[in-house]
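Reading through the structure tokens given below for one structure.
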Amino acid sequence: MSRILTPTACAPRAVKTISARWSKFLLTLLTVALLPHAVHAQQPSTATLASPRLQTLLPVNDAPQTYRVLAYHDIRDNVRESFKTWPEATAVDTQDLVQQLSWIDKNGYRPVSLQQIIDARAGGKPLPDKAILLTFDDGFESIYSKVFPLLKQFNYPAVIAIVGDWIQTPQDHLVQFGDIQVPRSAFVNWDEVREMVGSGLIEVASHTYSLHQGIVTNPQGSLMPAAISRGYQAQGSQYESDAAHAQRVKADLLRSSQLIERETGKRPRAIVWPYGANNRVVNQIAAEVGMPISLNLEPGPNRPEDNPKHIRRSLMLFDTGLAGLTQLLRQPASYDGAEQPLERVIHVDLDYVYDADPLVQEANLSKLLDRIYRLQPSTVYLQAFADPDGDGVADSLYFPNRNMPMRADLFTRVSWQLKTRVGVRVFAWMPVMAFKLPASHPAATRLVQTMPGAPASASENRYLRLSPFDPVARKAITEIYEDLGKHAIFAGVLFHDDATLSDYEDASPAALAVYRNQWKLRGSLQDIRNDPQARRTWTTQKTAYLNAFTMHLADTLRNYQPALQTARNIYAQPVLNPDAEDWFAQTLPSFLATYDYTAIMAMPYMENAAEPTAWLNQLIGKVKQTPGALRTTVFELQSRDWKTGKPIPSNILAAQLRQLHSAGARNLGYYPDDFHSNQPEERIIKPEISIQTHPVRK
């Protein structure tokens, strides 16, 4: 079926907050315009250990041998007053730090060193209950003047992360801190670092040499984290190659490591990634230069079963306070530290944003950003492929890649703007098989085929699809996903509704070989169809095969998007009628078990429902029959009737969203959003789609 008749859905997890992994970078971006070109160094702290009586809370339900990590930055006296000259959301007031350390002590938490963690994970002495690691990023002078005295009084170990470029700046020069310049005196010097290391309490980690900045990544000039992003050179319109990126990162990390070893006598074994931005590629590079331990900014506990070399940290902000600290110490290790929050999803076509005229395109983007900001959903499903003819097949892509034409480098920019300027989570909406490769491409003809003798109806409303069974086609699709992961930053992937195989598909040579050699199905496809047991095996194996292929694509993306979530569209028929697996190779139970979110195309007009209200009630009733299914199911309604070409009246769409919510649906969305025509109408749809309008947001 064409995209005109079939939208898409599937979402991630997160309330209307920016992921902790990126908040340090994003908050800097949001406040930098307010900053002057110079700031004054903070005066030494006069804080004491006096703190109010604090009531002990119930124990955290962490498994034994679990530890938590807190990520601090600058510590300032009168932090809010300091924002008049240097606003920095990651700065924490000295008195708040004193209270937090006192609370940690009085509530049974036990700060541990990185060495204790390494030893425990290697089978040595176990960690104490409620173990906690303290970390301080950026090498601010306050680490020496304010933090170090407190650590000595509490006898608490900590890790400090040093930016080589900043600490090496001469004392009479200014430090380039993001988009502003600050006095060199705002950062520690090597004598102070050596004194702290000599105490036995402090371990120094690398915070890179000069990667604590953004670099230009596309023709529009978007600045993204330097460590994980591919640079773009306007002269020659060139993107940084994989080899050049690896060489740049490796040289930087090696320089940082050698500097720290030269000045302290100890080579760093841990890398604290600027902005928490890391992936498998740069983690491997860090390991190659002697820093196998990676610290990020993902919230949640570090459990015994987790990778011991990848450490989660919870970000401390100026307004975290004691209440925020207790909440951070209870966050789960998923869904950005939230327990499966409510999802409100708006599904956006980049085809509506694209224009051959760059000025018009930028105006379109501004209009979209303003609308999403006003509507305040939790998540945007954002098209990453171009489909100007609306047939649901990718004719080109909106990101640099090696297999297909690039209509414009648009996905990278729009997804980053939605994340940093609007604060919503972005899922890359991508086909699984529906790619129209150039005719000269070796995989262009490796298509899903209908079996001989199939009725004409078997090919109706089916996408053109590359066969997932064909190695050449699989390689091309995998490379497309790999290139997407390299060039953009996003929270998840939404697998398009093209990933289906009917009861007459796939009859391609590669598919037939899999049926015979792997699934042990003999005879022709007609023979298999005529044998009930063989037909059932064929159907269930196709469902599992497509699920596994999408997970292969997700894992490919995770090389570059380590916290990636998955969502996949499912048609309504497999939900309403289990026998429909035969026609789609989709089942609700398998989707619920495979993906973070299952996005049901809850589209009564597309399904020719005579009574849309009754049809929606039937649909959610089927979902509710599976315990827990509502927590990870997104109901995505249609905002346009593709048969008439007219929008669904906004009041009707809003009523349908309310109906599903009243029936128990947690996660709702609609497709498409026409920001040009204000469809659906903002004033009507906002109360139903905005995460801010619900008293309970998680």
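Heads up: numbering here begins at 1 and tracks the sequence.
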Please table the atom pairs, donor to acceptor, closer than 3.5 Å between any side-chain atom in residues 224-232 and protein atoms at least two apart or in another chain.
residue: S229; atom: OG; partner: P225; partner atom: O; Å: 2.7
residue: R230; atom: NH2; partner: D242; partner atom: OD1; Å: 3.3
residue: Y232; atom: OH; partner: S237; partner atom: OG; Å: 3.4

Exercise. Would you please indicate if the ring centroids of Y597 and F427 are separated by under 6.0 Å?
Key: no

Exercise. List for me each residue that meets ring pair (Phe, Tyr, Trp, His ring centres under 6.0 Å) alongside Y72, sequence neighbours excluded, and say none if there are none.
Key: F136

Exercise. Please determine, by modelled atom types, if Q168 and W190 share a side-chain donor-acceptor pair under 3.5 angstrom.
Key: yes

Quiz prompt | F490 vs W416, ring-ring contact (aromatic ring centres under 6.0 Å, His included): CA-CA, chis, key distance, verdict | solution = CA-CA 8 Å; F490 46 94; W416 187 243; over 10 Å; no

Quiz prompt | Output field: ring centroids F187/F140 closer than 6.0 Å | solution = yes

Self-check item: Of all pairs that satisfy salt bridge (charged side-chain N to carboxylate O under 4.0 Å, His left out), the ones with a partner from residues 281-296, not counting sequence neighbours
Solution: K250-E288

Exercise. Report the residues that fulfil salt bridge (charged side-chain N to carboxylate O under 4.0 Å, His left out) with D172, sequence neighbours left out, ordered by chain and then residue number.
Key: none

Quiz item: Y275 and H212: aromatic ring centres closer than 6.0 Å?
Solution: yes

Quiz item: Is the NZ or CZ atom of K146 both under 6.0 Å from the centre of the six-membered ring of F148 and within 45° of that ring's axis?
Solution: no

Practice problem: Identify, with sequence neighbours excluded, every residue that meets salt bridge (charged side-chain N to carboxylate O under 4.0 Å, His left out) alongside R255. | Solution: none

Quiz item: Which pairs pass salt bridge (charged side-chain N to carboxylate O under 4.0 Å, His left out) with one or both residues in residues 114-125, sequence neighbours excluded?
Solution: none

